[in-house]
Visitor: 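Below is one structure. I have some questions about it.
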2 protein chains.
Amino acid sequence: MTETRAYHHGDLRRALLAAALEAIGEVGPAALSLRDLARRAGVSHAAPAHHFGDKAGLLTALAAQGFDLLAQKLIDADDVLEAGVAYVDFAVTHRAYFEVMFRPEFYRADDAELIAARERSGAALRSGVATLPTGGAPGDTDRDALAAWSIAHGFATLWLAGALPERVGDNPRKAAREVLRRLAT
Amino acid sequence: MTETRAYHHGDLRRALLAAALEAIGEVGPAALSLRDLARRAGVSHAAPAHHFGDKAGLLTALAAQGFDLLAQKLIDADDVLEAGVAYVDFAVTHRAYFEVMFRPEFYRADDAELIAARERSGAALRSGVATLPTGGAPGDTDRDALAAWSIAHGFATLWLAGALPERVGDNPRKAAREVLRRLAT
DNA sequence: AGGAGCATCTTGTCAATGACAAGATAGGAT
DNA sequence: ATCCTATCTTGTCATTGACAAGATGCTCCT
């Protein structure tokens, strides 16, 4: 959709999204400034508004991209444990995406593309958990998926918030794997 | 500390913190406006700056209060499972506190009072996990605590983000208990 | 009692920002 | 060639955070 080609300035839409990722990495999604993005892209201060309407529009596009990226990472994982590790790895590696994705107050949660992308992530997660031989009652899969999602998401957000003690180390994949193992038993 | 008594206007510091909780509940911590708080309290636009310096100062005070509140809730819990439920319940009930506490980019993470309060929360959490008869190797307590913290924190943040499917229901305590049970086995 | 000193709060101001409106520019369609 | 429309610019306004300087009133000391 919105096939942006090089018009006056170039592929501005894409350039703005890239600049946004960079800026969010530096100052966080809350302090993101459209005018700063315009400066980074070398265009006037009102140019971003044309492509995204407002700040929420831009972050909506970013969040949708992020959910698609995450879905792919989850699909590529070999098993549930590795999917959890991939989830944490995504959060740390693509911090800017992750920080936007789970802050619906920053974007339009009713956007069609965003909802579709988020659903792809959810499906990837559930399909991984469904392969588990838990042998529990039917319907347990939902709760297992929720538990797996919760522990991976919790570890990722605590890591990003810098809330974890130093003793956890500096290797998120390794630390995440040890913690996630507590669930699978 | 900072025993604020009724001077010119009243207990302004306390009034501003209360107004901040209200405002954050309405628009989130990012969109919080010091001038709006001043209007709510019926004072001039620069009055908040005197008590808290800047927005980060105010949110630092809020976060510290929040960590103390949370620590008390965790201490009051009967066992680890109920501590996890209390954690989620705190996040949902005191959403404004919770949303500030884990966003260090909004406050001063090096504040002494805040660090002390956060440490009280952490100690309450670990002491609960330490009573578990896991029988694992020594040092497992740390990882158990981290896993418990992660799953409770993850469920809470996903709940607050509105990311959970409707099927989870509208009772956070009940839903959290079912999910947290997956960990204790 | 009375004044000094200080915490508290106000008024005024500035740069930055988001949002909007109106105009300029250029590529493509007819 | 001319119109048309998407793209981008210029200009503007209200809001905000931060700072500076001044006004107000409590408190304490003598």
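The basis for the numbers below is simple: all heavy atoms, side chains too, and nothing from hydrogens, waters or symmetry mates. First the proteins, then the strands, lettered A, B, ... as listed; each starts at 1.
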Visitor: Report the distance from atom CG of B:Leu12 to atom C1' of C:dA7, rounded to the nearest whole Å.
Guide: 12 Å
Visitor: Under a 4.0 Å threshold between the charged nitrogen and the carboxylate oxygen, would A:Asp54 count as salt-bridged to A:Arg108?
Guide: yes
Visitor: Apply side-chain contact (heavy atoms from CB on, under 4.5 Å) to B:Leu146 and A:Phe155, showing your working.
Guide: CA-CA 8 Å; B:Leu146 192 46; A:Phe155 186 86; 3.9 Å; yes
Visitor: Can you check the A:Phe106 CZ to C:dG18 P distance for me, whole Å?
Guide: 12 Å
Visitor: Of the options D:dT16, C:dT10, D:dC8, whose atoms approach the side-chain atoms of B:Ser33 most closely?
Guide: D:dT16
Visitor: Figure out the NE2/C1' separation between B:His51 and D:dA18, and round it to whole Å.
Guide: 17 Å
Visitor: Taking CG from B:Asp36 and P from D:dT15, how many angstroms apart are they, rounded to a whole number?
Guide: 12 Å
Visitor: Going hydrophobic residue to hydrophobic residue with side-chain gaps under 4.5 angstrom, can you get from A:Tyr107 over to B:Val27?
Guide: no
Visitor: Atom CG of A:Asp11 to atom P of C:dG27: distance rounded to whole Å?
Guide: 15 Å
Visitor: A:Phe102: which residues meet the ring-ring contact (aromatic ring centres under 6.0 Å, His included) condition with it, sequence neighbours left out?
Guide: A:Phe67, A:Phe98, A:His153
Visitor: Looking at residues at least two apart in the chain, or sitting in another chain, which of them share a side-chain contact (heavy atoms from CB on, under 4.5 Å) with A:Asp76?
Guide: A:Gln72
Visitor: Below 3.5 Å between N/O atoms, which protein atoms pair up with nucleotides 19-22 of chain C? Just atom names and distances, please.
Guide:
{"residue": "C:dA19", "atom": "OP2", "partner": "A:Lys55", "partner atom": "N", "Å": "3.4"}
{"residue": "C:dA19", "atom": "N6", "partner": "A:Arg35", "partner atom": "NH1", "Å": "3.4"}

Visitor: Does a salt bridge link A:Glu119 with A:Arg126, judged by any charged N lying under 4.0 Å from a carboxylate O?
Guide: yes
Visitor: Which residues pass the salt bridge (Lys or Arg N to Asp or Glu O under 4.0 Å) test with A:Arg35, not counting sequence neighbours?
Guide: none
Visitor: D:dT15 phosphate, OP1 or OP2: any side-chain N/O from B:Arg39 under 4.0 angstrom?
Guide: no
Visitor: Atom CG of A:Leu16 and atom P of D:dT9: how far apart are they, to the nearest Å?
Guide: 10 Å
Visitor: Rounded to whole Å, how long is the line connecting atom CG of B:Leu37 with atom P of D:dT16?
Guide: 10 Å
Visitor: I need the NE2-P distance between B:His50 and D:dA18, as an integer number of Å.
Guide: 16 Å
Visitor: Base, sugar-phosphate, or nothing: which does A:Leu58 touch, judged by heavy atoms less than 4.0 Å apart?
Guide: nothing
Visitor: At what angle, to 10 degrees, do the two end axes of the helix from C:dA1-D:dT30 to C:dT30-D:dA1 meet, given five pairs define each axis?
Guide: 0°
Visitor: Restricting to side-chain hydrogen bond (donor to acceptor under 3.5 Å, both in side chains), what partner residues turn up for B:Arg103, sequence neighbours left out?
Guide: none
Visitor: Salt bridge or not between B:Glu178 and B:Arg167? Use side-chain N to carboxylate O under 4.0 Å.
Guide: no
